[in-house]
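Both backbone and side-chain heavy atoms feed into the values below; hydrogens, waters and symmetry mates do not. We number each residue from 1, following the sequence as shown.
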Amino acid sequence: MKKIEINNYFENFPLEPEAQMALLEKYHQRYPASHFVTFFYLKMLQERTPKKYDELKSKLLLSILNRSEFHNCKLEYFTANEVQEENIDEIAVLAAQLQQNIPKIKFDPEKHNADMNLAESGETEDIEFISETLAIVYAAQGYTGKAVKIIKKLMLQNPEKNTYFAALIETLKKSVNQSKNLEESNH
């Protein structure tokens, strides 16, 4: 019988059996047509709650592509203790490897140019492609100044939308003022 480690297929899969079952049930409800999710959900039902498995198997087995693989495998689960022991072992091995192979930065005077300021190139921004969406993304990320600059450029490109863009700039400025006032009231 083939053993399948379920923890290898789901990122951050819970270690508690009830949480595992709840997560797979949630995934199955959200993605009922997924062969992958149905396979693991039905297999877990078969191994943990045979009564519920018997109720659902006639309906759910139809959506599993390879039923022979389903019947010839067993799920393996990590427990919290096993994961902790495995992580401790992995960390010890990695620490030993790092101590043996400590990376070193080598200074090469031939390649180094003391007159060059690499930070300057990262500070300049040449926006060739601008859009309202880009301005909204900048505003959402907190770069209101960049958003306003883009909107002003869009106003020049699209004079028929000046009223709309002016209202958008005012909205951005109000939201900045509101967030500043909120921060000041929290302090």
Side-chain angles (χ1 to χ4, degrees), residues 5-45 52 56 59-60 62-65 77-78 80 83-84 87 90-91 94 98 103 105 107-108 111-187:
E5 292 180 6
I6 194 167
N7 300 66
N8 292 338
Y9 292 90
F10 293 92
E11 189 173 304
N12 300 323
F13 196 69
L15 301 174
E16 301 77 26
E18 297 82 21
Q20 291 173 345
M21 194 68 195
L23 180 68
L24 280 177
E25 190 165 2
K26 177 182 134 191
Y27 284 160
H28 177 68
Q29 288 172 353
R30 192 170 191 181
Y31 310 105
S34 169
H35 156 76
F36 178 78
V37 171
T38 303
F39 180 92
F40 284 107
Y41 174 63
L42 196 57
K43 195 63 181 174
M44 191 174 281
L45 284 176
K52 191 170 182 180
L56 297 174
K59 179 180 161 187
L60 297 180
L62 294 173
S63 63
I64 294 178
L65 300 175
Y77 313 91
F78 291 121
V83 170
Q84 188 175 10
N87 287 344
E90 286 179 19
I91 290 169
L94 287 172
L98 281 175
I105 298 174
F107 177 75
D108 186 0
K111 293 181 181 177
H112 180 72
N113 181 356
D115 298 328
M116 181 184 247
N117 185 354
L118 297 175
E120 287 176 2
S121 63
E123 292 175 2
T124 59
E125 183 174 352
D126 182 27
I127 301 175
E128 292 178 20
F129 178 75
I130 60 170
S131 70
E132 183 180 344
T133 305
L134 181 60
I136 292 169
V137 168
Y138 274 143
Q141 292 176 345
Y143 299 110
T144 315
K146 288 182 179 183
V148 169
K149 283 181 185 177
I150 290 173
I151 293 171
K152 286 180 179 179
K153 287 181 182 180
L154 288 171
M155 287 175 82
L156 294 172
Q157 290 177 357
N158 305 301
E160 68 277 0
K161 290 185 167 184
N162 278 351
T163 309
Y164 169 73
F165 288 132
L168 192 57
I169 289 173
E170 287 301 314
T171 305
L172 285 173
K173 288 180 179 179
K174 284 180 185 175
S175 67
V176 168
N177 289 336
Q178 287 175 351
S179 63
K180 285 181 182 177
N181 292 338
L182 184 63
E183 286 178 19
E184 289 174 1
S185 65
N186 287 339
H187 294 289

List the atom of [X], the atom of [Y], and the distance in Å for their closest heavy-atom pair.
X    : Y    : result
A135 : I150 : CB-CG2, 3.9 Å
L156 : P159 : O-CD, 3.9 Å
M155 : I169 : SD-CD1, 3.9 Å
P32  : T38  : O-OG1, 3.7 Å

**salt bridge (Lys or Arg N to Asp or Glu O under 4.0 Å) pairs, two or more places apart, involving residues 161-178** =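 Qualifying pairs, neighbours excluded: none.
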**Message:** One pair to check against side-chain contact (heavy atoms from CB on, under 4.5 Å): L154 and Q157. What are the steps and the verdict?
**Reply:** CA-CA 5 Å; L154 288 171; Q157 290 177 357; 3.9 Å; yes
**Asked** With sequence neighbours left out, what residues match S34 under side-chain contact (heavy atoms from CB on, under 4.5 Å)?
**Response**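 For S34, the residues satisfying side-chain contact (heavy atoms from CB on, under 4.5 Å) (neighbours in sequence not counted) are Y31, F36, V37.
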**Request:** Mind checking side-chain contact (heavy atoms from CB on, under 4.5 Å) for Q29 and listing every partner two or more places apart, or none if nothing turns up?
**Result:**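 So Q29 forms a side-chain contact (heavy atoms from CB on, under 4.5 Å) with E25.
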**Prompt:** salt bridge (Lys or Arg N to Asp or Glu O under 4.0 Å) with E132: which residues, sequence neighbours excluded?
**Reply:**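 Partners of E132 by the salt bridge (Lys or Arg N to Asp or Glu O under 4.0 Å) criterion come out as none, since no residue qualifies.
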**Asked** Of all residues at least two apart in sequence or in a different chain, which pass the salt bridge (Lys or Arg N to Asp or Glu O under 4.0 Å) check with K149?
**Response**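 Salt bridge (Lys or Arg N to Asp or Glu O under 4.0 Å) list for K149, sorted by chain: empty.
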**Message:** Y27: which residues meet the ring pair (Phe, Tyr, Trp, His ring centres under 6.0 Å) condition with it, sequence neighbours left out?
**Reply:**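 Once residues adjacent in sequence are excluded, the partners of Y27 under the ring pair (Phe, Tyr, Trp, His ring centres under 6.0 Å) criterion are F10.
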**Message:** Taking the side chain as everything from C-beta on, heavy atoms only, tell me whether I151 gets closer than 4.5 Å to L172.
**Reply:**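 Yes; the side chains approach each other to less than 4.5 Å.
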**Request:** Would you indicate whether the side-chain heavy atoms of K152 and F165 approach each other to under 4.5 Å?
**Result:**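 Counting from C-beta outward, F165 and K152 never come under 4.5 Å.
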**Message:** Please determine whether side-chain contact (heavy atoms from CB on, under 4.5 Å) holds for the pair Y164 and N158, giving the CA-CA distance in whole Å, both sets of side-chain angles, and the decisive distance to 0.1 Å.
**Reply:** CA-CA 10 Å; Y164 169 73; N158 305 301; over 6 Å; no
**Request:** Take the angle between the ring planes of Y143 and Y138 and call it parallel below 30°, perpendicular above 60°, tilted in between.
**Result:**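 Y143 vs Y138 ring planes: perpendicular.
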**Asked** Can you tell me how far the NZ atom of K43 sits from the CG atom of L24, to the nearest 0.5 Å?
**Response**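 Here the rounded value is 13.5 Å.
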